[in-house]
Protein chains: 2
Amino acid sequence: MSVPVGRSPVMADVARLAGVSHQTVSRVLNGHPNVRTETQARVQAAIEELGYRRNSSARALVTRRTGVIGVVAFDTTHYGPAQTLSGIEHAARADGYFLSVVTLQTVTRQAVSEAMDYLAQQSVEGYIVIAPKRAVVEGLAGQPADRPVVAVEGGEAPDLPVACVDQEGGGYLATRHLLDQGHRTVHHIAGPDDWLESEGRIAGWRRALAEAGAPVPEPLYGDWRPRSGYRIGAQLAGDPDVSALFVANDQMALGALRALGEAGVRVPDDVSVIGFDDIPESEFFTPPLTTVAQDFSEVGRRGIELLIDMLEAPAESTSLHPARSVVPARLVARVSTAPARA
Amino acid sequence: MSVPVGRSPVMADVARLAGVSHQTVSRVLNGHPNVRTETQARVQAAIEELGYRRNSSARALVTRRTGVIGVVAFDTTHYGPAQTLSGIEHAARADGYFLSVVTLQTVTRQAVSEAMDYLAQQSVEGYIVIAPKRAVVEGLAGQPADRPVVAVEGGEAPDLPVACVDQEGGGYLATRHLLDQGHRTVHHIAGPDDWLESEGRIAGWRRALAEAGAPVPEPLYGDWRPRSGYRIGAQLAGDPDVSALFVANDQMALGALRALGEAGVRVPDDVSVIGFDDIPESEFFTPPLTTVAQDFSEVGRRGIELLIDMLEAPAESTSLHPARSVVPARLVARVSTAPARA
DNA sequence: GGCAACATTGTTAGCGCTAACATTCGTCCC
DNA sequence: GGGACGAATGTTAGCGCTAACAATGTTGCC
């Protein structure tokens with residue numbers, strides 16, 4: 001009896017066993033008031049005996065709520081995005097939501113729109129889009145918003161709620177740190193120029209230089225990967241003007257460290273290097289990398305918070321001032337930066 | 001008219017606009033034969049005009065298929081697991097399935113079982129569990145299997161379909177590579193001893209040593225993180241017996257390289273070091289790390305393949321010989337290994 | 001004691017879809 | 001020419017649940 005053969009039990013089976021109507025079972029499950037404690041217990045017992053589990057499709061059909069949040073992610077094989085995704089997942093689960101994830105290889109407006117379409121098939125209630133490029137954020141803002149969207153890492157998105165790290169502040173912090181150590185100016189290996197993270201970090205770097213009245217060299221653009229840092233690092237190694245280098249992420253910084261090392265440039269004695277991200281490996285680079293840490297999971301958490309607010313608020317003036325949640329960056333000083341030589 | 005106010009359109013709205021019954025609309029949507037081409041076109045047009053989208057809950061309710069696969073993952077902030085997840089996701093989407101992901105902080109039997117329970121609420125059709133520890137796999141096999149489960153990275157799981165990389169083969173490959181370069185024996189920094197990956201790599205290492213008649217030192221256990229590699233590396237640095245070192249992952253290898261460097265031990269001149277995983281950074285370590293590459297996304301792909309086979313096969317003798325899909329590992333030779341000194 | 005107010009439970013009607021059966025129509029063949 | 005067949009479409013009955021309303025008890029208070 002406790003293991004019904006054939007089909008899995010439905011609410012009516014529980015009701016029969018507990019000697020109540022199926023509606024009373026529903027009430028117990030939904031925590032309605034006005035159910036006698038004793039009835040509740042009987043129903044609970046019947047539920048356990050049968051191993052009953054509510055059918056989510058039937059429930060969603062009538063409540064018009066699926067409890068599923070769609071996530072469009074990129075590049076989850078890298079540290080930052082993967083951490084962010086993990087933060088999103090935990091926050092969503094804590095609030096009883098489910099996550100349906102699509103990860104994209106290419107970061108284009110069209111790919112994002114296809115991914116959102118795919119997720120729409122599953123009746124997601126809203127979207128979290130990890131939107132690291134300007135084009136993506138702009139494409140997002142132009143969409144017919146039949147359900148709420150939150151951008152994560154979306155920089156200064158114009159008309160969209162956004163959760164992100166303060167990239168500009170982080171860039172400022174990094175540059176300031178080097179200037180404070182007496183370097184005349186700071187060179188910059190940036191990320192690709194259509195990424196919002198690159199933009200923000202460049203802006204912070206420029207602001208710090210401007211504030212200090214330091215010369216502003218041309219930034220050199222990499223592609224986030226170690227190899228590009230290596231290439232650009234090799235270029236800079238010969239330049240006697242370079243005494244301090246701000247690299248837009250730790251992976252490129254790793255490449256740069258290697259190139260400098262191979263060229264006989266000592267870090268930090270000859271050149272100071274600072275990275276960005278604080279990946280787990282940075283502490284063990286040669287030399288241990290000074291860098292700027294981002295609290296990725298906090299960003300994920302805030303993204304979910306924004307979205308759930310929209311889902312659960314009685315649709316109102318959300319479009320007037322789209323919410324922004326900015327997480328500060330934090331300097332992690334290690335060995336790769338040192339005061340400028342006299 | 002094309003933008004209906006109030007509720008979103010349902011099948012009946014499309015039917016009305018196209019001048020057919022709702023069932024005909026359903027037939028068009030499901031690609032049934034025996035619908036006149038012209039009718040099909042009219043229905044399609046109506047669908048587009050209204051921006052109609054099938055209600056997945058209603059559909060799932062009657063078909064008893066949700067098209068959702070539940071994934072239990074750990075540690076997606078690290079390279080391997082994140083890559084695997086990404087492989088799983090792409091393969092699932094290619095077959096029209098959706099993914100619902102739960103990531104866990106702690107790898108315990110209970111956490112896994114709770115995660116599966118959570119996913120069951122959403123009526124997932126089956127599970128992919130990234131199960132890197134023996135206890136987890138065993139707990140999995142003991143569960144009441146009301147829906148199919150595939151383990152990924154589950155080593156030699158007894159009664160469960162598994163997709164994994166050939167860890168033993170990889171360990172053998174790494175050790176063999178060092179022995180072939182004339183090293184008398186190979187020391188090993190292993191992962192935690194309750195991880196299946198550790199076990200497999202240790203087994204391969206032992207086999208290679210045994211085959212060569214080389215002495216078998218005690219393996220030293222780390223925790224996968226760079227810091228533990230650093231700690232153990234510092235220990236080994238003073239030992240003149242150590243001329244070749246197989247480290248169970250690249251992150252620990254990074255720590256070990258740093259410790260050796262600090263102790264004045266030159267790699268590869270004094271000691272050869274080989275890692276495991278081939279993370280994107282390895283190529284730019286000091287020196288560039290020889291390592292064993294795993295095709296994580298292929299593992300994810302195969303996991304999905306196994307699961308979908310089970311979902312779509314008319315439930316038969318699946319339990320007789322649970323399928324195993326083993327992906328070979330591959331040696332990536334770089335600079336950190338060299339022939340033994342005479 | 002009777003009646004209002006409330007607590008507790010049951011009954012009914014869908015949510016939007018697909019499967020199964022019913023109907024209509026044209027076509028073919030003896 | 002009529003019956004048999006199959007193609008094309010329509011009609012009906014749920015899937016398992018919740019919301020709304022209806023029907024009971026049960027209490028308290030004058």
Side-chain angles (χ1 to χ4, degrees), chain A residues 4 6-47 50-68 96 120-125 146, chain B residues 4 6-47 50-68 96 120-125 146:
Chain A
R7 55 182 186 62
S8 48
V10 298
M11 208 171 254
D13 298 326
V14 176
R16 202 170 310 117
L17 183 58
V20 296
S21 75
H22 70 257
Q23 178 62 302
T24 297
V25 177
S26 168
R27 279 192 268 255
V28 169
L29 249 23
N30 292 319
H32 277 233
N34 305 347
V35 179
R36 253 194 310 165
T37 324
E38 190 230 307
T39 311
Q40 240 176 69
R42 272 217 320 283
V43 170
Q44 279 298 358
I47 287 176
L50 295 178
Y52 168 72
R53 207 168 249 150
R54 202 153 43 173
N55 179 310
S56 61
S57 305
R59 186 172 154 76
L61 181 55
V62 57
T63 58
R64 292 156 181 292
R65 306 236 15 209
T66 56
V68 179
Q121 283 176 47
Q122 208 197 345
S123 312
V124 298
E125 292 186 24
D146 58 337
Chain B
R7 56 181 187 62
S8 47
V10 298
M11 208 172 255
D13 299 325
V14 175
R16 203 171 308 117
L17 183 59
V20 296
S21 76
H22 68 143
Q23 178 62 298
T24 296
V25 177
S26 169
R27 279 195 267 256
V28 170
L29 249 22
N30 291 320
H32 277 231
N34 304 348
V35 179
R36 252 192 313 164
T37 324
E38 191 229 305
T39 311
Q40 241 176 67
R42 272 215 321 282
V43 170
Q44 279 298 356
I47 288 176
L50 295 177
Y52 169 72
R53 205 169 250 149
R54 201 153 44 172
N55 180 310
S56 61
S57 306
R59 186 171 154 76
L61 181 56
V62 57
T63 59
R64 293 157 181 291
R65 306 241 9 213
T66 57
V68 179
Q121 283 175 46
Q122 209 196 345
S123 312
V124 298
E125 292 187 25
D146 57 338

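Model, not experiment: these values are computed from the prediction. The basis for the numbers below is simple: all heavy atoms, side chains too, and nothing from hydrogens, waters or symmetry mates. Below, read A as the first sequence line, B as the second, and so on, with proteins coming before strands; counting in each chain starts at 1.
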Enquirer: Angle between the two end axes of the helix from C:dG1-D:dC30 to C:dC30-D:dG1, five base pairs per end, rounded to 10 degrees?
Expert: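 Comparing the first five pairs with the last five, the axes sit 50° apart.
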Enquirer: Say whether, by atom type as modelled, one donor and one acceptor occur between the side chain of A:Ser57 and the main chain of B:Ala60 under 3.5 angstrom.
Expert: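 No, because the side chain of A:Ser57 does not come within donor-acceptor range (under 3.5 Å) of the backbone of B:Ala60.
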Enquirer: Could you tell me how far apart A:Gln121 (CD) and C:dC17 (C1') are, to the nearest whole angstrom?
Expert: 16 Å
Enquirer: Counting just side-chain N and O atoms, does B:Asn55 come under 4.0 Å of either OP1 or OP2 of C:dC15?
Expert: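 For B:Asn55, the contact criterion (side-chain N or O under 4.0 Å from OP1 or OP2 of C:dC15) is not met.
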Enquirer: Without decimals, in angstroms, what is the distance between A:Glu38 CD and D:dG25 P?
Expert: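 It works out to 16 Å between those atoms.
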Enquirer: How long is the line joining CG of A:Leu61 and C1' of D:dA19, in whole Å?
Expert: 13 Å
Enquirer: Measure the distance from CG on A:Leu29 to C1' on D:dG16 and round it to the nearest whole Å.
Expert: 12 Å
Enquirer: How many whole angstroms separate atom CE of B:Met11 from atom C1' of D:dT11?
Expert: 15 Å
Enquirer: If you compare every side-chain N and O of B:Ser26 against the phosphate oxygens of C:dC17 (OP1, OP2), does one of them come in below 4.0 Å?
Expert: no
Enquirer: Between protein and nucleic acid, restricted to nucleotides 9-12 of chain C and to nitrogen or oxygen atoms under 3.5 Å apart, what atom pairs and distances do you find?
Expert:
residue : atom : partner : partner atom : Å
C:dT9   : OP1  : A:Arg36 : NE           : 3.3
C:dT9   : OP1  : A:Arg36 : NH2          : 3.3
C:dT9   : OP1  : A:Thr39 : OG1          : 2.5
C:dT9   : OP2  : A:Arg36 : N            : 3.0
C:dG10  : OP2  : A:Ser21 : N            : 2.7
C:dG10  : OP2  : A:Ser21 : OG           : 3.0
C:dG10  : OP2  : A:Thr24 : OG1          : 3.0
C:dG10  : N7   : A:Arg27 : NH2          : 2.7
C:dG10  : O6   : A:Arg27 : NH1          : 3.3

Enquirer: Atom CZ of A:Arg53 and atom P of D:dG16: how far apart are they, to the nearest Å?
Expert: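 Rounding to the nearest Å, CZ of A:Arg53 and P of D:dG16 are 16 Å apart.
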Enquirer: Closest to the A:Arg54 side chain: D:dG16, D:dT18, C:dT18?
Expert: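 Nearest listed nucleotide: D:dT18.
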Enquirer: Answer yes or no: does a side-chain N or O of B:Arg59 lie under 4.0 Å from OP1 or OP2 of D:dC15?
Expert: no
Enquirer: Donor-acceptor pair, distance only, cut-off 3.5 Å: does the side chain of A:Gln122 make one with the backbone of B:Ser56?
Expert: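 Such a contact is absent between A:Gln122 side chain and B:Ser56 backbone.
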Enquirer: I want to check one thing: is the phosphate of D:dT18, taken as OP1 and OP2, less than 4.0 Å away from some side-chain N or O of A:Arg65?
Expert: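 No, outside the criterion.
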